[in-house]
Student: 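Below you will find the structure I want to go over with you.
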Amino acid sequence: MQSKSWLKAGLFAALATAAFAATPARAQGSLVMYCGVQEEWCRAMSNAFEKETGIKVAMTRKSAGEIYAQLKAESSNPRGDIWWGGTGDPHLQAAEEGLTQEYESPKNKELHPWALDQWKAAKHRSVGIYAGALGFGFNTEQIKAKGIPEPKCWADLLNAKLKDDVQVADPNSSGTAYNLLATVVQLMGEDKGFEYLKALHKNISQYTKSGAAPAKAASLGETAVGIVFIHDAVVFAVQGDPIKPVAPCEGTGYEIGSMSIVKGARNLDNAKKFYDWALTPAAQALAAPAKSYQVPSNKASPVPAQSPKMDQMKLINYDFVKYGSSAERNRLLAKWDKEVKALPK
């Protein structure tokens with residue numbers, strides 16, 4: 001997939017959305033939803049779907065890597081029905097391993113090409129629901145107090161004055177952090193990429209479980225820099241916290257947040273109903289009020305005004321098929337565990 005072609009013509013066009021039904025529908029069964037975005041957006045989606053359809057939603061929020069691990073552990077006795085949200089790489093791995101099932105939504109024709117590229121790469125077992133670019137956010141007050149220039153590039157995060165003052169998630173649990181791992185390897189080459197990650201390790205105060213957690217830590221001044229998807233840093237900048245989002249100067253990767261139906265779903269019909277509904281402009285418009293500023297996948301969905309301008313960034317040609325494959329993900333994660341995380345500080 002070309003890195004910017006899908007970001008051009010029409011990506012940021014916003015049209016009015018249809019309103020949800022004014023009255024609750026009659027009870028129509030249940031749905032078990034594994035949600036890979038922030039809690040507030042997860043709740044907004046599950047509550048709105050339940051109100052509109054009458055289908056009772058049992059929602060669990062976890063990071064993308066954790067949900068993948070849960071699907072794998074439950075594969076002989078699936079408990080979930082729908083996996084909504086989280087980076088596309090673990091969705092692709094789950095698709096390859098047969099943990100999710102094929103589905104073609106009638107809404108596919110309304111989606112941006114990059115969302116359908118994900119569907120094709122997953123052999124119809126996953127679809128793109130939003131896009132977001134990788135970067136970092138820094139606490140302006142802390143950077144000023146350290147007397148260092150504002151970081152603008154990946155290389156700037158290696159500054160010795162940032163020792164124990166950078167946070168990023170663990171790529172084993174976090175899709176965001178795995179996206180960083182795969183981005184650095186693609187941007188710098190594997191050998192130089194791992195040398196960079198080893199050098200960065202010296203400045204890492206902790207590897208968090210959640211990919212978005214470092215943004216909150218930076219906004220509160222608990223760390224100077226948080227490596228996150230840029231829209232996660234925007235959340236705190238919008239509310240007035242001293243955090244500045246950055247798209248790194250060398251170039252950066254991006255995610256295609258995805259949705260998949262669990263193989264062997266007990267509530268398959270309801271999973272398909274949610275899948276179709278989640279691709280509508282009305283459902284995707286729930287993101288901004290829930291302080292989530294990703295770029296939505298339906299061409300008619302409104303793009304939040306606060307969303308990072310991805311067409312103005314230097315994006316790599318991220319290879320979702322390769323880095324979403326089971327073999328490559330497992331290899332890179334094992335290598336990171338051995339060569340980076342195991343290093344002394």
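Residue numbers start at 1 and run along the sequence shown. In what follows, every heavy atom counts, from backbone to side chain, and hydrogens, waters and symmetry copies are set aside.
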Student: Does the distance from a Lys or Arg side-chain N to an Asp or Glu carboxylate O, for K198 and E195, drop under 4.0 Å?
Tutor: yes
Student: Where the side chain of S258 meets the backbone of I256, is there a donor-acceptor pair that is under 3.5 Å apart?
Tutor: yes
Student: Looking only at side chains, do Q70 and E74 share a donor and an acceptor under 3.5 Å apart?
Tutor: yes
Student: Among H201, K341, Q167, find the residue that satisfies the side-chain hydrogen bond (donor to acceptor under 3.5 Å, both in side chains) test when tested with Y207.
Tutor: H201
Student: Would you kindly say whether Y68 and E97 are connected by a side-chain donor-acceptor distance under 3.5 Å?
Tutor: yes
Student: Are the side chain of E50 and the backbone of V57 linked by a donor-acceptor contact shorter than 3.5 Å?
Tutor: yes
Student: Before giving the answer on salt bridge (charged side-chain N to carboxylate O under 4.0 Å, His left out), spell out for R43 and E40 the whole-Å C-alpha distance, their side-chain angles and the decisive distance to 0.1 Å.
Tutor: CA-CA 5 Å; R43 292 290 175 196; E40 191 171 357; over 6 Å; no
Student: Taking everything shown except R79 itself, do over 12 heavy atoms lie less than 6.0 Å from its CZ?
Tutor: no
Student: Is there a salt bridge (charged side-chain N to carboxylate O under 4.0 Å, His left out) between K146 and D165 once you walk through the steps?
Tutor: CA-CA 11 Å; K146 290 178 180 293; D165 228 349; 2.8 Å; yes
Student: Answer with yes or no after comparing the ring centroid distance for W83 and Y34 against a 6.0 Å cut-off, counting only values under it.
Tutor: no
Student: Assess the residue pair R331 and E190 against the criterion (salt bridge (charged side-chain N to carboxylate O under 4.0 Å, His left out)); give the C-alpha distance rounded to whole Å, side-chain angles, the decisive distance to 0.1 Å, and a yes or no.
Tutor: CA-CA 12 Å; R331 184 185 72 82; E190 186 163 329; 2.8 Å; yes
Student: Short question: side chain of H91, backbone of G324 - any donor-acceptor pair under 3.5 Å?
Tutor: no
Student: Without hydrogens or angle criteria, can the side chains of S173 and E66 be said to hold a donor-acceptor pair below 3.5 Å?
Tutor: no
Student: To the nearest 0.5 Å, how far apart are CG in L158 and CG in L197?
Tutor: 9.5 Å
Student: With no hydrogens and no angle check, do the side chains of E255 and T87 hold a donor and an acceptor under 3.5 Å apart?
Tutor: no
Student: Answer yes when K244 and E150 have at least one side-chain N-carboxylate O distance shorter than 4.0 Å, and no when they do not.
Tutor: yes
Student: Which word best sums up how the rings of F229 and H231 line up, parallel for under 30°, tilted for 30 to 60°, or perpendicular for over 60°?
Tutor: parallel
Student: Do S260 and S126 get their side chains close enough for a donor-acceptor pair, meaning under 3.5 Å?
Tutor: yes
Student: Look at the side chain of N139 and the backbone N and O of A218, then say whether any donor-acceptor pair between them is shorter than 3.5 Å.
Tutor: yes
Student: When the ring centroid of W84 is compared with that of W41, is the distance short of 6.0 Å?
Tutor: yes
Student: Is K109 salt-bridged to E104, going by a charged N under 4.0 Å from an acidic O?
Tutor: no
Student: Once you round to the nearest 0.5 Å, how far does CD1 of I143 lie from CG of L162?
Tutor: 5.0 Å
Student: In terms of relative ring orientation, are H112 and W114 parallel, tilted or perpendicular, with 30° and 60° separating the classes?
Tutor: parallel
Student: Examine distances only and state if a side-chain atom of D156 and a backbone atom of K152 form a donor-acceptor pair shorter than 3.5 Å.
Tutor: yes
Student: Got a sec, which residues hit side-chain contact (heavy atoms from CB on, under 4.5 Å) with S105, two or more places apart in sequence or on another chain?
Tutor: Y103, K107, N108, Y275, D276, L279
Student: Do any N or O atoms from the side chain of D319 and from the backbone of K322 form a donor-acceptor pair under 3.5 angstrom?
Tutor: yes
Student: Using every non-hydrogen atom in the two residues, find where Y130 and G86 come nearest and quote the distance to one decimal.
Tutor: OH-N, 3.0 Å
Student: Using a 4.5 Å cut-off on heavy atoms from C-beta on, say whether the side chain of L181 contacts that of F194.
Tutor: yes
Student: Could you tell me whether the side chains of D89 and Y318 share a donor-acceptor contact shorter than 3.5 Å?
Tutor: yes
Student: Could you tell me which residues satisfy side-chain contact (heavy atoms from CB on, under 4.5 Å) with V235, sequence neighbours excluded, listed by chain and number?
Tutor: K291, Y293
Student: How about D337 and N172: does a side-chain donor come under 3.5 Å of a side-chain acceptor?
Tutor: yes
Student: Checking S292 side chain against A288 main chain: does a donor-acceptor pair fall under 3.5 Å?
Tutor: no
Student: Taking 4.0 angstrom as the limit, do K216 and D232 come out as a salt bridge?
Tutor: no
Student: Do the non-hydrogen side-chain atoms of V127 and Q118 ever get within less than 4.5 Å of each other?
Tutor: no
Student: Working to the nearest 0.5 Å, report the span between OG of S297 and CD1 of I129.
Tutor: 7.0 Å
Student: Just how far is it from atom CG of L200 to atom CG of L157, taken to the nearest 0.5 Å?
Tutor: 6.5 Å
Student: Treating W154 as the side-chain partner and G251 as the backbone partner, does any N or O pair qualify as donor plus acceptor under 3.5 Å?
Tutor: yes
Student: Just by distance, do the side chain of T223 and the backbone of G226 share a donor-acceptor pair under 3.5 Å?
Tutor: no
Student: By side-chain contact (heavy atoms from CB on, under 4.5 Å), which residues pair with S174, not counting sequence neighbours?
Tutor: A169, T176, A177
Student: Checking Q186 side chain against A182 main chain: does a donor-acceptor pair fall under 3.5 Å?
Tutor: yes
Student: Compare all side-chain heavy atoms of V166 with those of S205 and state whether any distance is below 4.5 angstrom.
Tutor: no
Student: Could you check whether Y323 and Q93, counting side-chain N and O atoms only, form a donor-acceptor pair closer than 3.5 Å?
Tutor: no
Student: Distance check, rounded to the nearest 0.5 Å: M45 atom CE versus N47 atom CG?
Tutor: 11.0 Å
Student: Under the side chain to side chain contact (heavy atoms under 4.5 Å, CB included) test against N179, which residue among I227, V184, L134 passes?
Tutor: L134
Student: Would the number of heavy atoms belonging to other residues, nucleotides or ligands and lying under 6.0 Å from NZ of K335 be above 12?
Tutor: yes
Student: Group every Ile, Leu, Val, Met, Phe, Trp and Tyr by side-chain heavy-atom contacts under 4.5 Å, then state whether M310 and V228 land in the same group.
Tutor: no
